[in-house]
There are 2 protein chains.
Amino acid sequence: MPRSLKPVSALPRTTLTEAAFEQLIAYVVKGTWKAGDRLPPERELCQQFGIARTSLREALKAMELVGMLDSRVGDGTFVCPRSEFLSRPLLWAFTGTDHEELAEIMEARALVEENLAGLAAERASEEEIARIKEAITQMSNAISAGTSILEADMNFHLAVAAAAHNDVLRNAVQLLRNITRQWLKYKVQMPNVAASVLSRHEAIYRAIASRRPSAARRAMRKHLEETQQLVIQVVKKHGGSREPSPYV
Amino acid sequence: MPRSLKPVSALPRTTLTEAAFEQLIAYVVKGTWKAGDRLPPERELCQQFGIARTSLREALKAMELVGMLDSRVGDGTFVCPRSEFLSRPLLWAFTGTDHEELAEIMEARALVEENLAGLAAERASEEEIARIKEAITQMSNAISAGTSILEADMNFHLAVAAAAHNDVLRNAVQLLRNITRQWLKYKVQMPNVAASVLSRHEAIYRAIASRRPSAARRAMRKHLEETQQLVIQVVKKHGGSREPSPYV
DNA sequence: ACGTATTTGTTCGTATGTATC
DNA sequence: GGATACATACGAACAAATACG
């Protein structure tokens with residue numbers, strides 16, 4: 001009998017904690033437990049799962065650390081919104097990485113969003129186009145009111161991504177934007193930037209609404225190239241030092 | 001004194017487990033512990049950290065969940081290669097949406113790889129071009145030997161991605177390819193497919209080696225469109241049933 | 001081939017601090 | 001203020017799997 005190879009990561013590695021993972025992840029991801037829902041107390045859950053509380057806690061804690069759950073003493077354990085646990089783990093992967101990888105992230109974002117804009121021009125429903133316009137109105141209002149346009153900016157780009165009808169890429173964009181959010185925050189506070197962003201968004205919107213994919217791509221590309229330039233300025237100004245806690 | 005607001009996700013929520021978790025991440029990400037390294041035993045580590053073994057274990061389990069560490073009973077805990085710990089969290093994002101998911105993943109992959117091929121034609125070093133050629137030779141040998149071309153196929157696309165000099169996108173490609181690996185496996189077993197793939201790869205290689213970005217993009221696009229068609233056939237044939245354990 | 005040491009897996013009991021009602 | 005519910009944390013012990021002489 002040939003000596004069996006040692007599996008690098010064994011498939012049937014079925015520890016109790018891991019089994020609890022799969023259960024918990026399934027509940028969260030499939031939506032049995034929705035965002036904001038409160039889980040049964042640890043002492044109940046471990047009875048349901050038929051494992052000791054310590055084992056369950058390891059799974060529960062792990063889920064909390066990756067951003068799927070949030071437990072508060074004296075209160076309970078709650079399900080986090082999807083965007084949380086999508087952005088956190090990837091954040092860690094880029095933790096040690098500063099200047100060069102910021103450029104890479106921006107490039108990746110520009111590349112994906114450019115293509116999404118093109119797809120959106122081909123595939124967007126009327127409703128989705130309306131939602132893009134809403135984001136523009138929201139930004140316009142924010143400028144009038146003198147408040148931050150950061151949220152409206154995010155909404156615009158996510159609306160475009162949604163209109164492209166590809167959830168994989170939409171998630172990727174959301175991810176990359178979350179990572180760069182720190183720097184974008186500074187960017188949109190710079191003088192005259194808000195108005196410029198608004199007009200770029202309007203150009204992109206017009207191209208999508210009138211079903212001109214290549215125009216939409218060009219407009220998005222131009223917009224993100226400008227953003228890239230501004231962010232580089234911002235990073236230089238703020239010393240490029242990463243803020244300690246991006247988990248907001 | 002005004003009653004303090006309850007923070008939705010507290011920033012300085014400093015539990016011992018969380019502190020240990022951040023330490024562990026830092027060690028892995030900064031490279032203090034490299035891929036394949038073995039960690040000190042739990043009982044030593046928890047002394048170093050000054051916490052109980054239970055608390056440390058919760059952090060270790062979280063690391064394992066995101067794919068940064070791998071614990072084996074009787075052996076020890078080891079650091080996983082970097083490529084591993086990017087795939088799990090993204091997998092969760094996709095498990096919620098099943099139906100058109102495969103098509104979306106393929107589309108995303110095609111889109112990213114098309115652009116990477118273009119970038120590779122602009123940026124590849126001689127060494128990187130040589131590595132692409134190596135992958136082609138490897139596939140040629142595999143065909144002659146009658147063995148699977150799956151590995152050579154992966155190597156080729158990763159070599160192209162590496163030559164594009166954007167680690168973020170390279171990781172994304174690796175991720176998406178890992179996810180579709182199940183289906184690609186069937187594809188490359190179909191008759192005549194291997195030879196066809198090889199000639200497509202050669203075309204892409206020539207375009208990159210001769211620094212023609214748009215030709216490289218076209219060639220990659222064509223190749224992946226063919227792949228997409230074949231995979232759709234394969235899925236129909238195999239019933240499209242998802243295999244149970246994507247955590248490979 | 002066997003046995004022992006090492007290491008993770010699992011459980012229980014207990015004490016403490018905090019939030020909610 | 002008091003009672004209750006809950007998470008946080010520690011330590012000790014045994015089981016099971018693996019590595020190595």
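Every chain is numbered from 1 and lettered A, B, ... according to where its sequence line falls, protein lines coming before strand lines. Only a predicted model underlies this, so the values are computations on that prediction, with no experimental measurement involved.
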Could you give the CG-to-P distance, from A:D75 to D:dC6, as a whole number of Å? 10 Å
To the nearest angstrom, the CD-C1' distance between A:E18 and C:dG9 comes to 12 Å
Phosphate oxygens OP1/OP2 of D:dC6: is one of them under 4.0 Å from a side-chain N or O of A:T77? no
Interatomic distance where CZ belongs to A:R57 and C1' belongs to C:dG9 [whole Å]: 17 Å
Please report, rounded to the nearest Å, how far the P atom of D:dT8 is from the CG atom of B:L56. 16 Å
Counting only side-chain nitrogens and oxygens, does A:K61 get under 4.0 Å of the OP1 or OP2 atom of D:dT8? yes
B:R53, nearest nucleotide to its side chain (from C:dT7, D:dA19, C:dG9): C:dG9
Once you round it to whole Å, what is the distance between P of D:dC6 and CG of A:D70? 16 Å
Please tell me which of the listed nucleotides, D:dA19, D:dG11, D:dA7, lies nearest to the side chain of B:T54? D:dG11
Among C:dG9, D:dA7, C:dT7, which nucleotide sits nearest the side chain of B:P41? C:dT7
Pairing of B:R131 and B:E128 as salt bridge, 4.0 angstrom limit: no
Both B:R38 and B:I51 contact DNA chain D. Which one's nearest nucleotide lies toward the 5' end? B:I51
Between A:V231 and A:M106, the two heavy atoms sitting closest are CG2-CE, 3.8 Å
B:E58 CD to C:dG9 P: how many Å, rounded? 14 Å
Which listed nucleotide (D:dT8, C:dT7, C:dT10) is nearest to the side chain of A:T17? C:dT10
Could you give the CZ-to-C1' distance, from B:F78 to D:dT18, as a whole number of Å? 10 Å
Is the closest basic N to carboxylate O distance between B:R170 and B:D167 below 4.0 Å? yes
Can you see which heavy atom on B:S55 is nearest to which on B:T17, and at what distance? O-OG1, 3.5 Å
How many Å lie between CD on A:E42 and P on D:dA9, as a whole number? 11 Å
Of the options C:dT10, D:dC6, D:dA9, whose atoms approach the side-chain atoms of B:L16 most closely? D:dA9
Nucleotide nearest B:A52 (side chain, heavy atoms from C-beta), chosen from C:dC12, D:dA7, D:dG11: D:dG11
Check this for me, if you would: do A:R177 and A:E113 make a salt bridge, where the nitrogen-to-carboxylate-oxygen distance has to be below 4.0 angstrom? yes
Compare side-chain N and O positions of A:R43 against OP1 and OP2 of D:dC6 and report whether any pair is under 4.0 Å apart. no
